[in-house]
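To start, the structure under review is shown below, and the notes come after it.
All values below come from the heavy atoms of this structure, side chains included, with hydrogens, waters and symmetry mates left out. Chain identifiers are assigned alphabetically (A, B, ...) following the order of the sequence lines, protein sequences preceding nucleic acid strands; residue numbering begins at 1 within each chain. Quick caveat: nothing in here was measured; it's all calculated off a predicted structure.
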Number of protein chains: 2
Amino acid sequence: MTTKATIIRPTPAAVEKKRARRRKEARPSELMAAAIELFIERGYAATRSEDIAARAGVSKATLYLYFEDKEALFKAVITQGVVPILDEGAHLIDEFTGDSSTLLRELLTRWQVRFSASPLCGIPKLMISEARNFPELALYHEKVAYAHARKILGRVIERGVARGEFRSLDQDAVVELLIAPLLMHFIWQHSMGASGCPTVDPTRYLDTHLDLILAGLATQPQPRS
Amino acid sequence: MTTKATIIRPTPAAVEKKRARRRKEARPSELMAAAIELFIERGYAATRSEDIAARAGVSKATLYLYFEDKEALFKAVITQGVVPILDEGAHLIDEFTGDSSTLLRELLTRWQVRFSASPLCGIPKLMISEARNFPELALYHEKVAYAHARKILGRVIERGVARGEFRSLDQDAVVELLIAPLLMHFIWQHSMGASGCPTVDPTRYLDTHLDLILAGLATQPQPRS
DNA sequence: TCCATTAATAACTGTCAGGTCATTATAAAT
DNA sequence: ATTTATAATGACCTGACAGTTATTAATGGA
């Protein structure tokens with residue numbers, strides 16, 4: 001017999017199961033798109049869940065049909081896939097046969113272009129801002145995103161050193177120094193830049209970065225611009 | 001005759017004048033020290049004014065004797081003097097007679113050491129996080145801090161180019177690229193780093209940065225490490 | 001010692017935002 | 001058409017926090 005019990009309200013577990021199913025539909029991605037914009041603009045604490053819902057064109061209560069709470073929404077936003085874009089770079093390495101300077105140039109340019117065209121490039125600013133309020137999330141993000149990018153860049157440097165094209169310097173430091181300007185640029189754009197502070201031209205900036213660092217890495221004097 | 005009016009409460013203007021006088025005493029700097037720590041840790045919105053007061057060892061109401069509101073305290077913290085430290089670098093340039101590579105090395109090292117030893121190095125992270133919530137403040141900070149640093153670095157690059165030591169590249173971009181790794185390092189330390197993410201060794205990082213960028217800037221092939 | 005002035009606070013208030021719930025609209029099924 | 005299941009929401013509740021005020025403690029000058 002069916003336990004036609006006195007319980008009318010569904011159990012919390014059932015509610016969460018339903019939420020998990022719903023999270024794969026269209027509505028949640030609208031909410032997440034709205035959330036990522038607002039979180040990047042204002043930060044986590046200063047963003048009201050009602051505003052997120054409003055921007056997605058639904059009511060606040062609807063948001064809570066799809067996400068357990070504000071924090072779950074934040075985590076969903078942060079853990080959105082940067083990995084596929086990073087992996088495009090990894091494939092580039094596998095296929096590439098030319099010199100490592102050119103490879104490095106192509107790799108960084110690719111990443112810059114791909115991230116610039118997506119809201120994902122706002123995530124560094126967001127993660128930096130909220131890291132101390134969400135330490136586990138920071139560690140997770142470091143592991144799946146930053147460490148991944150470092151590994152890929154590390155392979156290029158190793159390749160260059162092995163082929164006698166690059167000097168052998170402190171590997172970890174070189175990799176950080178390759179990423180830092182890109183990251184800094186994204187971060188600046190989404191914070192100071194968005195408040196009216198001057199920003200450098202992205203392509204000139206990246207070109208100069210590559211020009212400098214490739215000359216600095218090279219074992220032989222390069223043709224100079 | 002003195003207007004012995006019915007007014008018992010002091011006028012808001014008088015209160016503010018009193019606050020301005022008090023702000024030059026010892027208590028406010030304790031409050032600001034506490035505030036800078038907490039703002040950097042948790043961000044502006046997530047920091048409760050009661051916690052700031054508690055860390056400074058006073059009650060919340062006392063805080064409001066010295067600062068009009070939370071925002072005024074935040075602005076006071078941000079506008080704390082980075083300029084003197086930057087100017088140490090400017091003096092270095094004036095006195096220096098050697099080659100520009102060494103000058104650049106000394107300048108960046110000096111800044112790195114001086115900022116690392118002070119809570120001021122947390123301000124970039126704070127400003128980045130809150131720029132969009134305080135646009136005027138972002139512009140002010142850009143003007144008195146970042147633009148100032150850029151100008152000083154610009155002079156060194158010009159000096160190097162004039163003396164035939166440095167290649168002539170996009171001036172603005174080069175300056176950004178000199179600062180970006182330092183800034184990024186401070187920002188990382190105070191966000192991801194503080195959440196347990198691995199951080200590179202500062203001195204190795206700075207050494208490699210200088211090694212790379214000076215080699216990249218140099219007109220003549222340098223002695224290579 | 002007394003008074004006047006200033007420093008400091010505990011207790012309070014109003015507002016605002018996260019989260020819930022009873023109810024209504026919408027779609028599906030028979 | 002009627003029932004059932006699901007999607008969506010307005011109205012509500014509650015805790016937390018910025019900012020205020022009435023009161024007390026400290027200070028100092030005569």
> According to a strict under-4.0 Å criterion, is B:Ser59 in side-chain N/O contact with OP1 or OP2 of C:dA10?
Replying inline: no

> Which nucleotide, D:dG19, D:dT9, C:dT9, lies nearest any side-chain atom of B:Val58?
Replying inline: C:dT9

> How many Å lie between CD on A:Glu30 and P on D:dA7, as a whole number?
Replying inline: 14 Å

>> Using modelled atom types and a 3.5 Å cut-off, is there a donor and acceptor pairing between side-chain atoms of B:Lys75 and backbone atoms of B:Leu137?
In response: no

> Could you give the CG-to-P distance, from A:Asp69 to D:dT14, as a whole number of Å?
Replying inline: 20 Å

> For the side chain of B:Thr62, counting heavy atoms from C-beta on, which of C:dA8, C:dG19, D:dA8 is nearest?
Replying inline: C:dA8

> Between D:dG19 atom C1' and B:Ile52 atom CD1, what is the distance in whole Å?
Replying inline: 13 Å

> Is any side-chain N or O of B:Tyr66 closer than 4.0 Å to OP1 or OP2 of C:dA8?
Replying inline: yes

>> What contact category does B:Ser49 fall into here, base, sugar-phosphate, or nothing, at under 4.0 angstrom with non-hydrogen atoms?
In response: sugar-phosphate

>> Between the base of D:dG19 and the side chain of B:Lys60, is one N or O donor paired with an acceptor at under 3.5 angstrom?
In response: yes

> Rounded to whole angstrom units, what separation is found between the CG atom of B:Asp51 and the P atom of D:dA16?
Replying inline: 13 Å

> So which nucleotide from C:dG19, D:dT21, D:dG19 ends up closest to the side chain of B:Lys70?
Replying inline: D:dG19

> Quick one: B:Leu63 CG to D:dT20 P, roughly how many Å, whole number?
Replying inline: 12 Å

>> Taking the ring of B:Tyr146 and the ring of A:Trp188, is the distance between their centroids below 6.0 Å?
In response: yes

>> In this structure, how many angstroms lie between the C1' atom of D:dA18 and the CG atom of B:Leu73, rounded?
In response: 13 Å

> Quick one: A:Glu50 CD to D:dA8 C1', roughly how many Å, whole number?
Replying inline: 15 Å

>> Both A:Glu68 and A:Arg48 contact DNA chain C. Which one's nearest nucleotide lies toward the 5' end?
In response: A:Arg48

> So which nucleotide from C:dT9, C:dT20, D:dG19 ends up closest to the side chain of B:Tyr64?
Replying inline: D:dG19

> Are any non-hydrogen side-chain atoms of B:Gln171 and B:Val175 less than 4.5 angstrom apart?
Replying inline: yes

> Are A:Lys70 and A:Tyr44 in a cation-pi contact, defined as NZ or CZ under 6.0 Å from the six-membered ring centre and within 45° of the axis?
Replying inline: yes

> Rounded to whole angstrom units, what separation is found between the CG atom of B:Leu65 and the P atom of D:dG19?
Replying inline: 14 Å

> Any donor-acceptor pair under 3.5 Å linking the side chain of B:Asp69 with the backbone of B:Ala72?
Replying inline: yes

